[in-house]
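Presented below is the structure to which this report refers.
Both counts, for ligands and for their atoms, begin at 1 and track the order of listing. Count residues from 1 along the sequence. None of the values given here were measured: they were computed from a predicted structure.
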Amino acid sequence: MALNKGLLFWVAFLSVFQASMADQIKVGGTGTWDKTTNYQNWADSTTFHVGDSIAFTYNSAHSVVETDSMGFQSCTPSTILLQDNSGSTVVPLKTEGTHYFICNTPGHCSSGMKFSVTVLPSTISPTTTTPTSTEEKNLAATVAPPKSLLAGVGIMGIAPFILFI
Ligand SMILES: [Cu+2]
């Protein structure tokens with residue numbers, strides 16, 4: 001029993017941990033990749049982080065291509081960073097910045113099966129940078145005492161003159 005409880009705890013802990021780290025985001029909100037959705041509207045209202053992935057579900061009329069800015073704008077992907085036509089594609093977002101996706105079936109990209117996403121830094125990074133700022137604060141605290149010591153010495157130095165006057 002104790003073992004089971006421990007295992008349950010870890011499963012719960014890991015699932016919460018994973019959920020906060022990486023999301024699998026369904027394209028267009030539903031996961032369906034076709035010609036009926038305005039994907040750019042969806043992408044503009046969705047937040048993407050490094051570690052997230054985008055899931056596409058589609059029939060054999062479509063494909064998923066990740067291309068560059070030029071391929072995206074012209075709907076002619078001379079640069080193909082990723083290509084799949086399996087019907088179920090999960091694209092991991094590994095780097096920050098803009099990523100471009102189109103359907104490579106002739107005419108589909110120009111009729112709206114295209115979107116670009118802005119991928120933000122991983123959600124984990126803010127917590128990893130926190131210790132650095134505390135370290136800086138600690139450093140400032142250790143630097144401060146000598147200053148007040150100097151001030152003290154300064155007053156002590158002046159004191160004999162005051163006595164003279
Ligand atoms: Cu298509």
Side-chain angles (χ1 to χ4, degrees), residues 1-140:
M1 274 305 268
L3 192 86
N4 278 345
K5 274 186 183 174
L7 193 71
L8 271 174
F9 169 79
W10 277 107
V11 168
F13 174 79
L14 286 174
S15 58
V16 166
F17 195 59
Q18 263 201 326
S20 64
M21 271 176 68
D23 291 325
Q24 191 179 102
I25 300 164
K26 291 177 174 177
V27 73
T30 62
T32 306
W33 182 229
D34 61 16
K35 285 163 79 177
T36 67
T37 308
N38 187 323
Y39 292 100
Q40 194 59 61
N41 275 358
W42 160 80
D44 290 346
S45 60
T46 308
T47 307
F48 303 88
H49 292 100
V50 170
D52 292 344
S53 55
I54 304 178
F56 301 75
T57 306
Y58 49 96
N59 63 34
S60 57
H62 308 288
S63 66
V64 176
V65 166
E66 182 175 357
T67 184
D68 60 3
S69 168
M70 269 179 58
F72 174 76
Q73 273 156 29
S74 64
C75 281
T76 307
S78 47
T79 301
I80 292 178
L81 302 170
L82 179 150
Q83 183 167 29
D84 190 35
N85 58 2
S86 67
S88 178
T89 308
V90 176
V91 181
L93 300 170
K94 293 176 182 169
T95 55
E96 288 175 40
T98 314
H99 293 243
Y100 303 92
F101 298 94
I102 67 169
C103 174
N104 208 14
T105 303
H108 286 202
C109 170
S110 51
S111 58
M113 288 189 74
K114 61 186 291 191
F115 64 94
S116 61
V117 300
T118 305
V119 179
L120 303 173
S122 164
T123 44
I124 322 158
S125 52
T127 43
T128 52
T129 54
T130 311
T132 338
S133 66
T134 1
E135 264 173 27
E136 278 168 10
K137 276 177 196 163
N138 287 344
L139 199 72

Any idea how [X] and [Y] line up, ring-wise: parallel (<30°), tilted (30 to 60°), or perpendicular (>60°)?
| X | Y | value |
| --- | --- | --- |
| W33 | F115 | perpendicular |
| F48 | W42 | perpendicular |
| H62 | H108 | tilted |

**Request:** Could you tell me whether the Cu ion (ligand 1) has an N, O or S atom of N104 under 2.8 Å away?
**Result:** no

**Item:** Presence of N, O or S from C109 under 2.8 Å of the Cu ion (ligand 1)
**Value:** no

**Asked** Hey, which N, O or S atom on H62 ends up closest to the Cu ion (ligand 1)?
**Response**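 It is ND1 of H62.
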
**Prompt:** What atom name does the N, O or S atom of H108 nearest to the Cu ion (ligand 1) carry?
**Reply:**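 Answer by atom name: ND1.
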
**Request:** Check step by step if side-chain contact (heavy atoms from CB on, under 4.5 Å) holds for H49 and S122.
**Result:** CA-CA 5 Å; H49 292 100; S122 164; 5.7 Å; no

**Item:** At the Cu ion (ligand 1): angle between C103 atom SG and M113 atom SD, to 10 degrees
**Value:** 110°

**Message:** Quick check against the 3.5 Å criterion: does S45 have a side-chain atom that pairs as donor or acceptor with the backbone of N41?
**Reply:**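 Between the backbone of N41 and the side chain of S45 there is a qualifying donor-acceptor contact (under 3.5 Å).
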
